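Before any comments, here is the structure.
The structure displayed is predicted, hence computed values, not measured ones. The sequence lines fix the lettering, A, B, ..., with proteins before strands; numbering per chain opens at 1.
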Amino acid sequence: MAQKPSIPKGTRDFNAVEVAKRSYIMNIIKERFELYGFQPIETPSFENSDTLMGKYGDEGDRLIFKILNSGDYLKKVSDEDYTSKDETRITSKISEKALRYDLTVPFARYVVQHQNEIEFPFKRYQIQPVWRADRPQKGRFREFYQCDADVVGSTSLFQEVEFVQLYDAVFTALDLKGVTIKINNRKILSGIAEVIGAQDKLIDFTVALDKLDKIGEEKVKEEMRSKGISEDGISKLQPLFSLEGDFGTQVESLKSILNTSEVGLKGIEELEFIDASISKLGLKTANLQLDVTLARGLNYYTGAIFEVAAPEGVKMGSIGGGGRYDDLTSIFGKPDTSGVGISFGLDRIYLVLEELNLFPETITDATKVLFINFGEKEAMACLQAVTNLRQHGVKAELYPDSAKMKKQMTHANRRNIPYVVLVGEEELNSGTYTLKNMKTGEQEKLNIQELLSTLK
RNA sequence: GUGGUUGUAGCUCAGUUGGUUAGAGCGCCUGAUUGUGGUUCAGGAGGUCGUCGGUUCGAGACCGAUCUUCCACCCCA
């Protein structure tokens, strides 16, 4: 081998155990999605560039993988373009397709494109990989899976309530106890921006506020100043920095800040409704927490915003997120269609479960019994038994070669196969099977019926 | 995209200020054991030191580039 082959950074190969663990998570998520009435759809890995570009802000555009046109992709680039060295201008000429960046925007496109076939309110889920040209870190990949559930065509706040329940149901089923579902409302953020006279700087304001628990009050204020938010405005924010206590207490102090803002008060009202409903319905293992600093960069959210944090002590970015968007489909020409959705980060949930040792042991159960191969005659008899076992749903295999017994036993051992069957000359003559339990070392002679009932 | 960090046997890592044939533990292979794996004992294989280039009489070590890992920004699942 001249040089070891490799895969691009931020991508991974998955072995059998990893695949089993991943589908364990996926299946639990899938089951809950369907339990809540969501139907699966799939969309292509790549979309037309104009479907994706401009939907995630400048930062997002930079992180979208663009696909080079096939054929003579330089023919549309003029000499002027070359000399201009204008990146975006040239990119649009040599690339017309791009890998999807998330599942929400392609879903919005899907809804608009198929609006006449869809029965609203439309609840769909989608579990597919997405790609980001990001610089990888732990829990941060360039190819990863998102598991999204969305409902469009309903403005009811019961949808938000159900999504909180859905988060709780999935993480409870995964035995991941103590996740925190953080909730905020974009309207509250707009309201605050309005009160401090920074409506036009909403994004800068929320991005700065989002960093509060990370860089502290002073640095946040500094950043706001540098973005041109007035000193007077910042001082009005003071109560925000010392926001404490339970849901109700926080809401009360928020009200005092927002009493002049209609949007802000509307946001509070929505939050209160969700909190009251959840209090009544109860959560099994998750905690619902108001977090005013929760911003989420995506600029399409308009109402509730969610983010899920791993249980305390696990260092991992958010393992889920979502929110309500009122205008997303209008970008594609279908106005007045409100949607709300949540997403699970499969790869991060995997890392968290791994760290906390929460994968069930039975997950890697593969073959249950291996028949040792003593030679052609014996193997043929074994294969008949193997066929019989398989017909009864027992995962059974015959070692293909009549290799040394030690080698065959070791093979069973390494693959964690719990039983081995020995059929030599003696068994062949008496029509019996010697079944060995690899864990205890015990073995017994059985006829085919007994073998079947033991292994079933 | 910015700044930093990492790369030596299948795995986890040693390797002194540049100086002979690059080491350990675990794993792997063979045998003790021709119908019995995990334990034990004895032996053995395996590395162009991430890659390419440079400095030097001499580079695993120094310099440059590049790829990769992880981290902090940015952003996010």
_So A:Gly424, base contact, sugar-phosphate only, or nothing? Heavy-atom distance under 4.0 Å._
base
*With heavy atoms under 4.0 Å as the rule, sort A:Glu427 into base, sugar-phosphate or nothing.*
base
*Identity of whatever pairs with B:rC62 - Watson-Crick or G-U, under 3.5 angstrom*: B:rG54
*Write down the distance separating the C1' atoms in B:rC49 and B:rG60, rounded off to the nearest Å.*
5 Å
_If I pick the P atom on B:rA9 and the same atom on B:rG47, what distance separates them, to the nearest angstrom?_
11 Å
*Classify the nucleic acid contact of A:Gly60 as base, sugar-phosphate or nothing, counting any heavy atom under 4.0 Å across all strands shown.*
nothing
_Any A:Lys9 side-chain nitrogen or oxygen under 4.0 Å from OP1 or OP2 of B:rU68_ = yes
*asked:* Classify A:Gly375 by what it touches in the nucleic acid, base, sugar-phosphate, or nothing, heavy-atom distance under 4.0 Å.
replied: nothing
*So A:Tyr110 and A:His114, would you call those rings parallel, tilted or perpendicular, with 30° and 60° as cut-offs?*
tilted
*Please check the phosphate of B:rC29 (OP1 and OP2 only) for any side-chain N or O of A:Lys404 closer than 4.0 Å.*
no
*asked:* Here's a test of your reading of the structure: between A:Arg348 and A:Lys211, which maps to the more 5' nucleotide of RNA chain B?
replied: A:Lys211
*Which part of the nucleic acid, if any, lies within reach of A:Phe141 when heavy atoms closer than 4.0 Å are counted: base, sugar-phosphate only, or nothing?*
base
*Among B:rG35, B:rA77, B:rG37, which is the nearest nucleotide to the side chain of A:Met438?*
B:rG37
*Heavy atoms under 4.0 Å, any strand shown: does A:Gln137 hit a base, just sugar-phosphate, or nothing?*
base
*Proximity to the side chain of A:Asp134 - top-ranked nucleotide from B:rC75, B:rC76, B:rG35*: B:rC75
_Candidate nucleotides B:rC75, B:rA77, B:rG37, ranked by approach to the side chain of A:Lys406 - the nearest_ = B:rG37
*For A:Lys315, answer base if it contacts any base atom (sugar-phosphate contacts may also be present), sugar-phosphate if it contacts only those atoms, and nothing otherwise; contact means non-hydrogen atoms under 4.0 Å.*
sugar-phosphate
*So which nucleotide from B:rU36, B:rC75, B:rG35 ends up closest to the side chain of A:Lys436?*
B:rU36
_Between B:rU68 and B:rG4, how many Å separate the two C1' atoms, rounded to a whole number?_
15 Å
*Within 45 degrees of the axis of the six-membered ring of A:Phe144 and under 6.0 Å from its centre: does A:Arg132 put its NZ or CZ there?*
no
*Residue A:Arg140, side-chain heavy atoms: nucleotide from B:rC75, B:rC76, B:rG37 that is nearest*: B:rC75
*asked:* Distance check, P atoms only: B:rC73 and B:rC13, in whole angstrom units.
replied: 25 Å
*A:Leu422, nearest nucleotide to its side chain (from B:rA72, B:rU36, B:rC75)*: B:rU36
*For B:rC26 and B:rU33, measure between their P atoms and round to the nearest Å.*
24 Å
_Closest nucleotide among B:rG37, B:rC70, B:rC75 to the A:Val207 side chain_ = B:rC75
*Pairwise P distance, B:rU16 and B:rG54 [rounded to whole Å]*: 25 Å
*asked:* What's A:Gly57 touching, base or sugar-phosphate or nothing? Going by heavy atoms closer than 4.0 Å.
replied: nothing
_Classify the ring geometry of A:Tyr433 against A:Phe371: parallel below 30°, tilted from 30° to 60°, perpendicular beyond 60°._
perpendicular
*Nucleotide forming a Watson-Crick or wobble pair with B:rA14, both distances under 3.5 Å*: none
*B:rA65 to B:rG58 separation - C1' atoms, rounded to the nearest Å*: 23 Å
*With a 3.5 angstrom cut-off on both distances, give the Watson-Crick or G-U wobble partner of B:rG37, or none if there isn't one.*
none
*Hey, is the main chain of A:Thr91 close enough, under 3.5 Å, to the side chain of A:Ser95 for a donor-acceptor pair?*
no
*So, A:Glu397 and A:Thr367: side-chain donor and acceptor under 3.5 Å apart, yes or no?*
yes
*asked:* By the 4.0 Å heavy-atom rule, please label A:Lys407 as base, sugar-phosphate, or nothing.
replied: nothing
*Consider the side chain of A:Asn413, meaning its heavy atoms from C-beta on, and name the nucleotide among B:rG38, B:rA72, B:rC28 that approaches it most closely.*
B:rG38
*For B:rA42, give its Watson-Crick or G-U wobble partner with both distances under 3.5 Å, or none.*
B:rU30
*Mind telling me whether A:Tyr399 and A:His411 have parallel, tilted or perpendicular rings, with 30° and 60° as the class edges?*
perpendicular
_Taking the side chain as everything from C-beta on, heavy atoms only, tell me whether A:Ser318 gets closer than 4.5 Å to A:Arg348._
yes
*According to the interplanar angle, ranging from 0 to 90°, do the rings of A:Tyr301 and A:Tyr325 count as parallel (below 30°), tilted (30 to 60°) or perpendicular (above 60°)?*
tilted
*Consider the side chain of A:Arg62, meaning its heavy atoms from C-beta on, and name the nucleotide among B:rC75, B:rG37, B:rG1 that approaches it most closely.*
B:rG1
_A:Gln443 vs B:rU36: side-chain N/O to OP1/OP2 distance below 4.0 Å_ = no
*Look at the side chain of A:Arg135 and decide which nucleotide, out of B:rG37, B:rC75, B:rA72, has an atom nearest to it.*
B:rA72
*Are any of A:Arg414's side-chain N or O atoms less than 4.0 Å away from OP1 or OP2 of B:rG38?*
no
*Quantified in whole Å, what is the P atom distance between nucleotide B:rU48 and nucleotide B:rU39?*
30 Å
_Quick test of the criterion, 5.5 Å between centres and less than 30° between planes. Is A:Phe144 stacked on B:rA77 or not?_
yes
